[in-house]
Amino acid sequence: MATAGLYRRFLPSPPAVEFASSQGKQLFLEAIQNGNMEGFYRLISYFQTQSEPAYCGLASLSMVLNSLAIDPGRKWKGPWRWFDESMLDCCEPLEKVKAKGISFGKLVCLAHCAGAKVEAFHASQTNIDAFRRYVMNCSTSDECHVISSYHRAALKQTGTGHFSPIGGYHVGKDMALILDVARFKYPPHWVPLTVLWEGMNYVDESTGQTRGFMLISRPHREPGMLYTLSCKHESWISIAKFLMDDVPHLLKSEDVKDIQMVLSIIVASLPSNFEEFIKWVAEIRRREDGGPSLSPEEKARLGVKEEVLKQVQETRLFKHVTSFLSNSCSIHSPTSGDGDTLPEIAANVCCQGAKILGGKLSSLAEYCCRDTCLRCCKAEDEKPVTMVCGTVVNGNSEQGVDVLIPSSARKSCCTCSSLSNYIRMHPASTDVLTVLLLSLPSTTWSGIKDERLLREMDGLVSIENLPTLLQEEVLHLRRQLHLLKKCQEGKVDEDLCVPFP
């Protein structure tokens, strides 16, 4: 029996010039001398081949994210935090990407969700001169990289739509270096910028939009230090719709008289799986990797989380939320005290932590937290740190996991004892609900008919006077919410910008 197969493809030249050819090497040397290959070195250090025929977008993005040293915040395999194609599943299921690829807009969405700063343009929204300026600017820096989405036909190559990073630029020849992630097919190659621009002007039949390019760089700080929205749970679409569409409608249709009534209307209508949508981010470590004190990196991250928590609890809105939840007799499970008990939270996080630390996040194996213990760790001349120590069992194996708890100043640290006595020392329903209300678009409240109440509500949710750290946290959640809403509506390819309503 014979079997069909392909070993690479011949690179059409012209228009392309193979990177490893004599002419390609000369172009490379000249571009180095002109200072237009500064981004190349980091990109080539993390150059990867797409692991699936339709994973060109995921491979390009993970390559760029790793070259920018953006921390994914979760493990790839073993103890290593590292971007891999398999982790880029927020905006489109991997099985769907594997079968059909990913659109330009959804790759932009993925880059935002991964924590990068992104500027994206359809070719129809800009022109070749602007594109050239962006390529030149990024080629003279290692802090910004360009991913191009183009149709291979313009380069006389086989195939259709494709993504790849641009590794450099030759000013004299007006040529860009394509670091093709389909290395099984074509090697890296230089192409005239005009030809690449032509390839980006092809219309993607699946979206009706032209292809384009995105500029990816590091954010000023790591986003979502304490809170994050999750689209992992199947209910995220209905919850995003509730927050963005239903809440404004409810407030407009009801005769709302005071803040407590506003909160009552929202809480009473919360979807049942609301707690799966917004979460606080816990810091975890293997017990054997830790000691009596924290590393400088752990201290810094925990310190930021505690400051964000403190700033949330100092807002006037938090006081209203606390008063409402403490006085309410009928509150849905997402905002009940039972769901906030530290034993339940710690057991769940320890199980998740054991999976992450073992590189088995998608495993169906059962993890059970056998016991948890609250401890206070304090080294000499250091602030006390609250830590939950758990023992997680998976079959015949055990894993000790420590969870570092961002503590509120309203409670003191403790020694190993009953955890249920310390319900409110960690992020809880009151602060989670507060920060989510702050993250809703300002137009959410415009339907309130009572002008005095509307002014009071606008004052409570305004982010202008928030401390910088909390303001950044709220803006991060607001970006996430709008991206998820656009995904739910199927509009990510129509509007690439991230609004700040």
Side-chain angles (χ1 to χ4, degrees), residues 6-50 56 59-64 66-68 121 123 126-159 161-202 211-217:
L6 293 172
Y7 179 71
R8 308 187 71 176
R9 285 283 194 184
F10 174 75
L11 180 68
S13 178
V17 175
E18 185 174 345
F19 178 65
S21 68
S22 297
Q23 186 182 356
K25 293 176 184 177
Q26 185 62 35
L27 290 170
F28 179 59
L29 290 174
E30 291 170 359
I32 290 176
Q33 292 169 355
N34 288 328
N36 291 105
M37 295 299 296
E38 292 304 307
F40 171 82
Y41 305 103
R42 290 197 185 276
L43 282 173
I44 205 67
S45 298
Y46 301 97
F47 197 4
Q48 67 184 80
T49 303
Q50 60 190 78
C56 55
S60 298
L61 182 57
S62 60
M63 174 178 163
V64 167
N66 286 326
S67 70
L68 291 169
F121 306 88
T126 182
N127 55 59
I128 190 172
D129 293 328
F131 175 53
R132 183 179 289 110
R133 286 195 301 272
Y134 286 125
V135 170
M136 288 182 65
N137 289 340
C138 285
S139 70
T140 58
S141 168
D142 61 4
E143 297 180 353
C144 172
H145 299 298
V146 180
I147 293 178
S148 174
S149 170
Y150 59 97
H151 198 289
R152 285 194 182 275
L155 281 62
K156 299 182 180 179
Q157 299 172 0
T158 62
H162 190 58
F163 291 93
S164 277
I166 295 177
Y169 178 68
H170 191 292
V171 178
K173 301 291 185 181
D174 193 27
M175 299 182 80
L177 176 62
I178 302 294
L179 296 179
D180 199 324
V181 292
R183 291 195 285 179
F184 51 82
K185 186 175 184 180
Y186 293 119
H189 48 275
W190 294 91
V191 294
L193 198 76
T194 52
V195 173
L196 181 58
W197 176 252
E198 180 187 342
M200 292 193 298
N201 272 279
Y202 276 63
R211 300 175 190 277
F213 63 96
M214 65 186 82
L215 316 174
I216 302 180
S217 55

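Heads up: numbering here begins at 1 and tracks the sequence. Below, all heavy atoms of this structure are taken into account, side chains as well, without hydrogens, waters or symmetry copies.
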message: How long is the straight-line distance from CE of M136 back to CG of N34, given to the nearest 0.5 Å?
response: 9.0 Å
message: Any heavy-atom pair between the side chains of T158 and K185 that's under 4.5 Å?
response: yes
- prompt: Which pair of non-hydrogen atoms, one from L196 and one from I178, has the smallest distance, and what is that distance?
  reply: CD2-CD1, 3.9 Å
task: Report the residues that fulfil side-chain hydrogen bond (donor to acceptor under 3.5 Å, both in side chains) with S67, sequence neighbours left out, ordered by chain and then residue number.
output: H145
message: Can you tell me how far apart CG (L179) and NE2 (H189) are? Round to the nearest 0.5 Å.
response: 9.5 Å
field: Shortest non-hydrogen contact between I32 and M37, atoms and distance
entry: N-CG, 3.7 Å
message: Any non-hydrogen side-chain atom of S148 less than 4.5 Å from a side-chain atom of M200?
response: yes
- prompt: Is I147 close to M63 at the side-chain level, that is, under 4.5 Å between some pair of heavy atoms?
  reply: no
query: Can you find a pair of side-chain heavy atoms, one from L11 and one from Q157, that are under 4.5 Å apart?
result: yes
- request: Write down the atom of W190, the atom of A31, and the distance for their closest heavy-atom approach.
  value: CH2-CB, 4.1 Å
- request: List the atom of C138, the atom of L215, and the distance in Å for their closest heavy-atom pair.
  value: SG-CD2, 4.3 Å
- prompt: In terms of the angle between their ring planes, are F28 and F19 parallel, tilted or perpendicular, with boundaries placed at 30° and 60°?
  reply: perpendicular
Listed pairs under 3.5 Å, donor-acceptor, residues 165-177 side chains, sequence neighbours left out:
{"unit_1": "Y169", "atom_1": "OH", "unit_2": "D174", "atom_2": "OD1", "d": "2.5"}
{"unit_1": "H170", "atom_1": "ND1", "unit_2": "G172", "atom_2": "N", "d": "3.3"}
{"unit_1": "H170", "atom_1": "ND1", "unit_2": "K173", "atom_2": "N", "d": "2.9"}
{"unit_1": "H170", "atom_1": "NE2", "unit_2": "E30", "atom_2": "OE1", "d": "2.7"}
{"unit_1": "D174", "atom_1": "OD1", "unit_2": "R132", "atom_2": "NE", "d": "3.0"}
{"unit_1": "D174", "atom_1": "OD2", "unit_2": "R132", "atom_2": "NH2", "d": "3.0"}

- request: To the nearest 0.5 angstrom, please state how far the CZ atom of F47 sits from the CG atom of N66.
  value: 14.0 Å
query: Hey, does the side chain of S62 reach the backbone of A59 with a donor-acceptor pair shorter than 3.5 angstrom?
result: yes
field: Side chain to side chain, T126 and F213, heavy atoms closer than 4.5 Å
entry: yes
- request: Provide the closest heavy-atom pair for S21 versus E18 in the form atom of the first, atom of the second, distance.
  value: OG-O, 2.7 Å
query: Are R152 and Y186 in a cation-pi contact, defined as NZ or CZ under 6.0 Å from the six-membered ring centre and within 45° of the axis?
result: no
query: Nearest 0.5 Å, what's the CH2-OG1 distance between W197 and T194?
result: 11.5 Å
- prompt: Heavy atoms, side chains only, cut-off 4.5 Å: are S164 and V181 in contact?
  reply: yes
message: Determine whether C56 and Q50 satisfy the following criterion, side-chain contact (heavy atoms from CB on, under 4.5 Å), listing intermediate values before the conclusion.
response: CA-CA 6 Å; C56 55; Q50 60 190 78; 3.2 Å; yes
task: Compare every heavy atom of D142 with every heavy atom of L68, then report the nearest pair and how far apart it is.
output: CD2-O, 4.1 Å
- request: Could you tell me whether the side chain of N137 reaches within less than 4.5 Å of the side chain of C144, counting heavy atoms only?
  value: no
- request: Decide yes or no on side-chain contact (heavy atoms from CB on, under 4.5 Å) for T49 and F184, but give the supporting numbers first.
  value: CA-CA 8 Å; T49 303; F184 51 82; 3.7 Å; yes
Distance in Å, F40 CZ paired with S45 OG, rounded so as to fall on 0.5 Å steps: 8.5 Å
task: Find out whether H151 and R211 are in side-chain contact, i.e. whether some heavy atom of one side chain is under 4.5 Å from a heavy atom of the other.
output: yes
query: How many angstroms lie between atom CG of L27 and atom CD of Q23, to the nearest 0.5 angstrom?
result: 5.5 Å
